[in-house]
Amino acid sequence: MASFLPLSASRTLLLLVLLVPFAVGCDSTEEDPPAGTAGTYVGTLAGAQTSGVLEVTIDGSDASGSFALAGGGERSVSGSAHPPLTGSFNAGALQLEGGGYTFTGTLSGGVLSGTWTGPGGTSGSFSALLEGEGTVVAVYCGAYDTANDDGTFNLVRQDASLRGFAVSSVDGDTIDLSGSVSGNTLTIYATAAGPTANVATATLAADGATFTGTVNDPENPGTVSGSRCTP
């Protein structure tokens, strides 16, 4: 063990001044969660024959959630509630489990998204946006019907932004959707292709409870519709 010679008062003061910044900087090894990540995220989940609404709460490294499914290919606003979800949130990665369901995702650009698996080999995708004071978050469980295909068409709205999915009931193919809201007009596009790839245009009802519109594909025209659903 090292021993130290007595120091004069001035040398002691100088030593303290030099050591204080080091002590403050090394006081804690834990990092606070990134700003803006904590809170409740509300969104939608969808699969080939599944449609529903999801709510996830992030509190530091802890995460919990709840969800309800319309299921059975029925895309109605009323669904069945499932056991609560519990899990973790670390370095932007989400892991939740409950009732035979597993949700795995990431938080990026303010969007919580990923995939889920459930009993009987069911699976799909989810997307959720942060709910907060003064922020409008609404989830719509919907459907599309075109000349060549039909399936789920779910959207989650956060003020003027939209995220969601179109999932084919025929082959389970999933298109990640984004969009915008201007007045009562919804403009929806494939996220990977960008805003110029207009997938559909719809009109939101005056009370915000429903939307109806058209699929903008000359080779595969059709309709889209949805109703607001809650966890």
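Treat the numbers as computed from the prediction; the structure is a model and nothing was measured.
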With rounding to the nearest 0.5 Å, note down the distance linking [atom1] in [X] to [atom2] in [Y].
X	Y	atom1	atom2	answer
Thr40	Leu130	OG1	CG	8.0 Å
Asp149	Ser169	CG	OG	6.0 Å
Thr106	Phe89	OG1	CZ	8.5 Å
Asn154	Ser127	CG	OG	10.5 Å
Asp173	Ile175	CG	CD1	8.0 Å
Leu54	Leu69	CG	CG	9.5 Å

Considering non-hydrogen atoms only, spot the tightest contact between [X] and [Y] and give its length.
X	Y	answer
Ser178	Thr191	OG-OG1, 2.7 Å
Pro119	Gly99	CG-O, 4.1 Å
Thr37	Tyr41	O-OH, 2.8 Å
Thr174	Ser125	CG2-OG, 4.1 Å
Val199	Ala190	CG2-N, 3.4 Å
Ala63	Leu94	CB-CD1, 3.6 Å

Of all residues at least two apart in sequence or in a different chain, which pass the side-chain contact (heavy atoms from CB on, under 4.5 Å) check with Val136?
->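 In terms of side-chain contact (heavy atoms from CB on, under 4.5 Å), with neighbours along the sequence ignored, Val136 is linked to Asp159.
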
Residue pairs involving residues 180-220 (criterion ring-ring contact (aromatic ring centres under 6.0 Å, His included); sequence neighbours excluded) |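 Those involving residues 180-220 are Tyr140-Phe211.
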
What ring-ring contact (aromatic ring centres under 6.0 Å, His included) pairs are there with at least one residue in residues 154-188, not counting sequence neighbours?
->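 Sorted pair list comes back empty.
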
When Thr201 is tested against each of Asn216, Thr185, Thr214, Thr187 for side chain to side chain donor-acceptor pair (under 3.5 Å), which residue passes?
->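 Only one of Asn216, Thr185, Thr214, Thr187 forms a side chain to side chain donor-acceptor pair (under 3.5 Å) with Thr201, namely Asn216.
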
Derivation and outcome, side-chain contact (heavy atoms from CB on, under 4.5 Å), residues Leu204 and Arg157 = CA-CA 11 Å; Leu204 195 63; Arg157 175 191 179 185; 3.5 Å; yes

For Phe67, the option from Val53, Thr44, Leu96, Leu85 that meets side-chain contact (heavy atoms from CB on, under 4.5 Å) |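 Option passing the side-chain contact (heavy atoms from CB on, under 4.5 Å) with Phe67: Leu85.
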
Kindly write out the residues that satisfy side-chain hydrogen bond (donor to acceptor under 3.5 Å, both in side chains) with Thr104, not counting sequence neighbours, or none if the list is empty.
->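 Testing Thr104 for side-chain hydrogen bond (donor to acceptor under 3.5 Å, both in side chains), a comparison that skips the adjacent residues, returns Gln95.
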
With sequence neighbours left out, write down each residue that passes side-chain hydrogen bond (donor to acceptor under 3.5 Å, both in side chains) with Asp217, or none if nothing qualifies.
->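 Testing Asp217 for side-chain hydrogen bond (donor to acceptor under 3.5 Å, both in side chains), a comparison that skips the adjacent residues, returns none.
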
Intermediate values then yes/no, side-chain contact (heavy atoms from CB on, under 4.5 Å), Val156 and Val137 | CA-CA 7 Å; Val156 53; Val137 176; 4.0 Å; yes

Would you please say whether a donor-acceptor pair under 3.5 Å links the side chains of Asp145 and Thr223?
->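 The answer is no; no qualifying pair exists.
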
Is the closest side-chain donor-acceptor distance between Ser168 and Asp171 under 3.5 Å?
->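 Yes, side-chain donor-acceptor contact under 3.5 Å.
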
Contact list for residues 107-124, test side-chain hydrogen bond (donor to acceptor under 3.5 Å, both in side chains), sequence neighbours left out =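 The answer is none; no pair qualifies.
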
Derivation of the side-chain contact (heavy atoms from CB on, under 4.5 Å) call for Val215 and Asn220 | CA-CA 8 Å; Val215 175; Asn220 188 29; 5.8 Å; no

